[in-house]
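Letters A, B, ... mirror the listed sequences (proteins, then strands); counts begin at 1.
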Amino acid sequence: MSIIDKVQASKNTTATFRKQRTGAERPAWEEEPSALGRAGKVIILVMVVLAVLGPLYTIVLTSISSQATITRAGGLVLIPGEISFAAYQQILDGGVVTRAVLVSVGVTATGTFISMVVSILCAYGLSRPGSFAHTPILFTLLITMFFSAGIIPAYLLVSGLGLINSYWALILPGAVSVFNIIILRGFFMGIDKGILESARIDGASEWRTLSQIVLPMSKAVTAVIALFYGVGYWNAFFNAVLYINDSAKNPLQVVLRSYVLQGVSVPGQVDVGTGAAAGPALQMAVIVLATIPILLVYPFVQKHFTKGVMIGAVKG
Amino acid sequence: MATGTESEHGSRQQGGPTLTTSSTAPASAAAPPTTTPRPDAARRSVGSVTARPRLRANRRVRFRRDRSLVLMTLPAVALLGVFAYVPMLGNVVAFQDYSPYVGIPGSPFVGFENFTRVLADPDFWHAVTNTLVITAFQLVFFFPIPIALAILLNSLVSPRLRSAIQAVVYLPHFFSWVLVVSVFQQIFGGAGLLNQSLRANGWQAVDIMTNPDTFLFLLTSQAIWKDAGWGIIVFLAALSAIDPAQYEAAAVDGAGRWKRTWHITLPGLRSVIVLLLILRLGDSLTVGFEQLILQRDAVGADAAEVLDTFVYYTGVQNGDWSYGAAAGLIKGLVSLALILVANKIAHIFGESGVYSK
């Protein structure tokens, strides 16, 4: 463990103690925890947090370290040295990685949009038990959660539709998640019936009720579901392996795999001239690129999880 | 609100029996699905023997009233129809000697030959064994961790600290498997951080990422790193549903911290734990497909071949489509049976709605 980590850890520890003392509303009947118990708890939590953030820390740091710093560290960098963004400049300079980023962004944006439209409509359409054909449609959806056809028929279908090497093969087969529809539906069903009733009396169509009343009331759950879909598209790796043979069309996850796991060298890695970034920095930069969109969106949506997932949990 | 959830509950409970096509469930006494009317319509139609024509008229009225709702579901139904139901039919290749050049219509039917071949294949059974071993191992070493973490987090008094830690531990769930395996590679791989410091101190380097003997531990620790944090969310929800008055009463009666955990917290989590265990049982033939595909080359098929990868490699990679499809169909049908069994067990335990993940 490096000095930085230790400092961070001790900072965390003191913060923990302070918060426990000040922000506490420990009920009167509960005994104060023993010093040993409290220390144990803090140690476990610090270890858990470090286990998650530690690897990310060293990966980000390596990606922005200069070649000299990386050579001195012998690989991954733990102590910040000279900072250099050469790795990012190099991979974003219009090569394979840049292309892959564009593919991933395009697929994720298009896919999330299609999935959200389809899912919201379907969830609202199924949010009133007893409406026409409600139960058969619901069953049609649910059966697909019990039994999936398998890889081979799915592949044969996609190739039969002529979608091999098409970006649509990365979007359409997984565009509908019944699980997400059920979560949305659960939320829509919880909306006060009186509001919907008065909208109908005022002459609003179902479309208008959905877009102007139900959706504005469901921002939190919609955000969570959009994140689920978006992350799903962004992270998808195997469908690209299956359906995309043209390496120019590979999304970022496939490129990440070939550079970091299969040892293919990142373009530019070979010419170790002046100013060129070191191999590890390039690899780490690709890893960071694959993480950034998630890190950007995550904080804004994270606080809604408990609500969104709790509904799913209660229903599930 | 109350009626909404209630009728939904009804339709769910119908779900089980309809799928098993058994008529043992008490809930099937309700009207058949298509004619389940709204409460107001129910008064008019149900119980009347001569209701047929009126029912049809009623159906037309309901269709006119609800057609935009039906229309809204159509895009999703169409997508599932094409990408979920058509492949189900596509499983006929399992009964054929499929050749991509002539397609499904031109390929000869061979009956159950592919299935007998699969069931006689030691590689298939090896994949089954690996799958079950991984499932069992993860059940023992992965499953309890989110429970313990949730109880620990719940015992924190400061809500701000609690939500900060939640934000951190949920995060890896949103990373892709490629990313998770890459991170592990950077830490534990041949040129990774661990070996880097081992070598710096003059010790022998160990390559954990390619060692088939420790692969089970590696898989499980990756799964823990990625998903154990996310797993606590359900338990936290269950914990927040426990009435604090119970703790207070127990504390007043002299129960200490451990006693309260044992006698109040764990019983409060019981139903969630049972539910998740049962779901895991239904899912036991599915173990991290992407995770294994990514590492199969590194550790070899002997340790990393599971059912899903077996289907992929025999079917898609070796081009033995019918053979792979037969293995996949066996897996799908056994999984379906397991889910239905799990559903039954859930009902025995008095849990409902085990139709979703």
Side-chain angles (χ1 to χ4, degrees), chain A residues 19-20 23-24 26 29 45 49 52 55 59 74-76 118 121-122 124-126 129-133 135-137 140 142 144-147 149-157 172-173 175-176 179 182 189-190 206 231 235 237-238 253 256-257 260-261 287 290 294 298 302 309-310 313 316, chain B residues 1 4 7-8 11 33-34 36 38 62-63 66 68-70 72-73 75-77 79-80 83-84 86-88 90-91 157-158 160-161 165 167-169 172 174 176 178-179 182-183 185 187 191 193 196 233-234 237 248 251-252 290 311-312 315-316 321 324-325 328 332 336 339 355-357:
Chain A
K19 266 188 202 145
Q20 274 198 345
R26 188 183 295 284
W29 48 265
L45 288 175
V49 169
V52 175
I59 286 171
L76 289 178
V118 168
L121 285 177
C122 184
Y124 183 74
L126 289 175
S131 64
F132 183 82
T135 316
I137 296 175
T140 312
L142 293 181
T144 63
M145 292 180 89
F146 285 110
F147 182 75
I151 305 167
I152 309 270
Y155 179 85
L156 293 179
L157 172 75
L172 295 179
V176 179
F179 185 67
I182 297 298
M189 284 172 65
E206 297 287 6
V231 164
N235 284 345
F237 143 79
F238 183 69
Q253 301 293 337
L256 175 65
R257 177 211 197 190
V260 180
L261 295 179
I287 295 186
I294 292 169
Y298 178 78
Q302 186 268 131
V309 177
M310 255 171 79
Chain B
M1 229 157 98
S7 45
E8 163 173 318
S11 73
T34 35
T36 308
R38 285 194 182 172
R62 285 199 305 132
F63 175 68
D66 295 332
S68 34
L69 290 180
V70 175
M72 285 175 178
T73 63
V77 171
L79 274 168
L80 283 178
F83 290 101
V86 172
M88 285 184 200
N91 269 317
V157 179
S158 156
R160 266 174 58 206
L161 179 67
I165 293 180
V168 171
V169 296
F174 296 91
S176 67
V178 184
L179 196 87
S182 297
V183 167
Q185 170 84 29
I187 308 295
L193 197 59
Q196 189 181 310
I233 208 165
V234 179
E248 182 169 0
V252 170
E290 289 201 345
V311 171
Y312 172 65
V316 181
W321 301 96
L336 179 64
I339 289 169
Y355 69 88
S356 78
K357 280 182 213 171

Between [X] and [Y], which heavy-atom pair has the shortest distance, and what is it?
| X | Y | answer |
| --- | --- | --- |
| A:Phe132 | B:Asp66 | N-OD2, 2.8 Å |
| A:Leu256 | B:Ser182 | CG-OG, 4.1 Å |
| A:Glu206 | B:Ser68 | CG-OG, 3.3 Å |
| A:Ala175 | B:Leu79 | CB-CD1, 4.1 Å |
| A:Ile152 | B:Gly324 | CG1-C, 3.9 Å |
| A:Val231 | B:Phe174 | CG1-O, 3.6 Å |

So which part of [X] gets closer than 4.5 Å to some heavy atom of chain B, the side chain, the backbone, both or neither?
| X | value |
| --- | --- |
| A:Leu76 | both |
| A:Ile137 | side chain |
| A:Leu156 | side chain |
| A:Val52 | both |
| A:Phe237 | both |

Within the 4.5 Å heavy-atom criterion, are A:Leu157 and B:Phe83 side-chain neighbours or not? yes
Beyond-backbone contact of A:Leu126 with B:Thr73, side-chain heavy atoms, under 4.5 angstrom: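 They are in side-chain contact.
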How many angstroms lie between atom OG of B:Ser176 and atom CZ of A:Phe238, to the nearest 0.5 angstrom?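 Between B:Ser176 OG and A:Phe238 CZ, I get 15.0 Å after rounding to 0.5 Å.
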Atom CG of B:Leu193 and atom CD1 of A:Ile59: how far apart are they, to the nearest 0.5 Å? 9.5 Å
Under the 3.5 angstrom rule, does the side chain of [X] hit a backbone N or O of [Y] as a donor-acceptor pair?
| X | Y | value |
| --- | --- | --- |
| A:Gln253 | B:Val178 | no |
| B:Asn91 | A:Pro153 | no |
| B:Arg62 | A:Gly130 | yes |

Measuring heavy-atom distances to chain A, does B:Val86 have an atom under 4.5 Å in its side chain, in its backbone, in both, or in neither? side chain
Check each atom of B:Glu248 against the heavy atoms of chain A and say whether the ones under 4.5 Å are side chain, backbone, both or neither. both
Please rank A:Ile151, A:Val260, A:Leu261 by heavy-atom pairs under 4.5 Å with chain B and give me the top one. A:Leu261
Show the numbers, then the answer: is there a side-chain contact (heavy atoms from CB on, under 4.5 Å) between A:Thr140 and B:Leu80? CA-CA 9 Å; A:Thr140 312; B:Leu80 283 178; 6.0 Å; no
Plane angle bin for B:Trp321 and A:Tyr155 - parallel if under 30°, tilted between 30 and 60°, otherwise perpendicular: parallel
Who among B:Pro75, B:Pro172, B:Ala167 has the most heavy-atom pairs with chain A under 4.5 Å?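 Ranked by heavy-atom pairs under 4.5 Å with chain A, first place is B:Ala167.
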Tell me, out of B:Ala84, B:Pro87, B:Gly90, who's got the most heavy-atom pairs with chain A below 4.5 Å. B:Pro87
